[in-house]
Chemist: 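There's a structure below that I have some questions on.
Worth saying up front: this structure is predicted, and the values here are computed from it rather than measured. All chains are named by letter (A, B, ...) in the order of the sequence lines, taking the proteins before the strands, and each is independently numbered beginning at 1.
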2 protein chains.
Amino acid sequence: MTKSDRLAIAIRDAIRRGELISGVLYSAQELGERFGASRTPVREALLRLADANLVKIERNRGARVLGSDIHDVVEVGALRLLLEPAATRVATLRMGEADHARLHAALDRMRELSDEPDAMFAADRDFHDIILRASGNRRLADMVAGLRETVVLHGRTTVPAARAVAQVIAEHTAIATAIVAGDQAAAERAMRHHLATTTGLLIADDPSAGHDLAAWLEP
Amino acid sequence: MTKSDRLAIAIRDAIRRGELISGVLYSAQELGERFGASRTPVREALLRLADANLVKIERNRGARVLGSDIHDVVEVGALRLLLEPAATRVATLRMGEADHARLHAALDRMRELSDEPDAMFAADRDFHDIILRASGNRRLADMVAGLRETVVLHGRTTVPAARAVAQVIAEHTAIATAIVAGDQAAAERAMRHHLATTTGLLIADDPSAGHDLAAWLEP
DNA sequence: CGTCCCATAGTTGCATGCTACTGTTGCATG
DNA sequence: CATGCAACAGTAGCATGCAACTATGGGACG
């Protein structure tokens, strides 16, 4: 793995952890010193993060870390609601015992590590990723993974606080149960319900955002 | 606009035009000479194209241009069918007279320039882009634009040959008509039908691909 | 004649020098 | 005191130097 790749990941994670602050302008020089690299690989990483809408490069000024506002949450929520239920339906057909085992392993980690936000987040990510990869549509899986990355800036503080961990686990369990039972329609419904609930909580304080999201949901 | 940006576009277009050949390995030096730049901005462009799955960078070897196989066409077709009909439904609500005018302008260009594949392709792209942008979901619009880029390698030779231009124009006209009439359900249906037809033709010769795609379409 | 190994050409990936540009600060001027 | 301006510090963006790595081809050896 190249230094540029590592930097892209390191900077992304630093943004997620709040070490790099939304709205602040950072120079390539500064980031290079912080992460132990020269300007070139930093710049390469920043260009790729800019494509992913995580930073905005301002010519001769630096790279500004972008935060996600309520509208971003709606965009990502709408996209995930369009993509993931369908992917879950397809994946239900395609998943075998090995996939089921991996799904349950992720679920178990969620249960055991429910008091550690970072581990919880990772297990949640893995759970969804297992299903999306199993759908056979790699682009879809990559896209949703990217969407998640974009929004965790805002989401990370909101999700665990706003909702009982038990409920999150229950929703995931329902998804896994339907998948293992091979019930496509139920799996799709469970995933849609889960995403709608999560997104709904993230935008609960903004009625107009709720309205915007609803426009995407009517069949 | 920076040289790196221009190069990313230039290389992408060169791939589309077939100037850069799928499967062939190109060095940054060579591309730099061809497009009049040094290795650094070329490398930056290649990194971004690699993220978009247009090329694969092989360490100490060069960048290999990737072609799209039948499975890629299915992936992209499934994704567009999940995203664009819903976006069309939302956009129908949000588009005003100015948007309608732009839509008709793109349609007129398709009619007038129907014998020039490049212009036709551009007008087609614009038509879809106008609708997707109007949906208000910028990420969705960017994603679909990226998907189109990915697959045109294969699609460009196939689409115009496989289908009468008149039919393409008719399908787009139906979409535009429903949008202007404000009929959300009809617009969504027309877009879905258009995409299903197009994708279906692209994979017509491969029954198993048809089967894979169908799995994504059942409601 | 076949096989192994080493030298070599060619490449990336990273560091660094240089130029052009941008925002700012402090000063001079009305 | 307000306003315009000019010098300055800092930055991105590009070109180039350099080291490490890879595939390959030819020659030596069995």
Chemist: Roughly how many Å is it from CZ in Phe35(A) to P in dA15(C), rounded to a whole number?
Modeler: 15 Å
Chemist: Tell me if the side-chain of Thr40(A) makes a donor-acceptor pair with the base of dT16(C), cut-off 3.5 Å, by modelled atom types.
Modeler: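 Indeed there is one.
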Chemist: Measure NZ/Lys3(A) against C1'/dC14(C) and give the value in whole Å, please.
Modeler: 7 Å
Chemist: Distance check needed: dT11(C) P versus Leu46(B) CG, whole Å only.
Modeler: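 Rounded to whole Å, this separation is 13 Å.
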Chemist: Grab the CG-C1' distance between Asp5(A) and dT12(C) for me, whole Å please.
Modeler: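 Going from CG in Asp5(A) over to C1' in dT12(C) covers 13 Å.
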Chemist: Find the distance Glu33(A):CD to dA15(C):P and express it as a whole number of Å.
Modeler: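 So the two atoms are 12 Å apart, to the nearest Å.
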Chemist: May I ask you to check whether Asp108(A) and His104(A) show a side-chain donor-acceptor distance below 3.5 Å?
Modeler: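 No, no side-chain donor-acceptor pair sits under 3.5 Å.
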Chemist: What is the distance, to the nearest angstrom, from the CZ atom on Arg39(A) to the P atom on dC18(C)?
Modeler: 12 Å
Chemist: On DNA chain D, which is the earliest and which the latest nucleotide, 5' to 3', with an atom closer than 4.0 Å to a heavy atom of chain B?
Modeler: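 Range of nucleotides touched by chain B: dG13(D) to dA23(D).
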Chemist: When you compare the side chains of His71(B) and Asp212(B), does any donor N or O come within less than 3.5 Å of an acceptor on the partner?
Modeler: no
Chemist: Is there a donor in the side chain of Arg138(A) and an acceptor in the side chain of Asn53(B), or the other way round, less than 3.5 Å apart?
Modeler: yes
Chemist: Starting from C1' on dT12(C), measure out to CZ on Arg61(B) and report it in whole angstrom.
Modeler: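 Spelled out: CZ on Arg61(B) to C1' on dT12(C) is 12 Å.
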Chemist: Rounded to the nearest 0.5 Å, what separation is found between the CG atom of Leu202(B) and the OG1 atom of Thr197(B)?
Modeler: 11.0 Å
Chemist: Starting from the 5' end of DNA chain C, give me the residue, Arg43(B) or Arg59(A), whose nearest nucleotide shows up first.
Modeler: Arg43(B)
Chemist: Note the angle between the end axes of the helix from dC1(C)-dG30(D) to dG30(C)-dC1(D), five pairs defining each, rounded to 10 degrees.
Modeler: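 Nearest ten degrees gives 10° for this helix.
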Chemist: First locate atom CG of Leu147(A), then atom CG of Leu79(A), and finally report the distance between them rounded to the nearest 0.5 Å.
Modeler: 5.5 Å
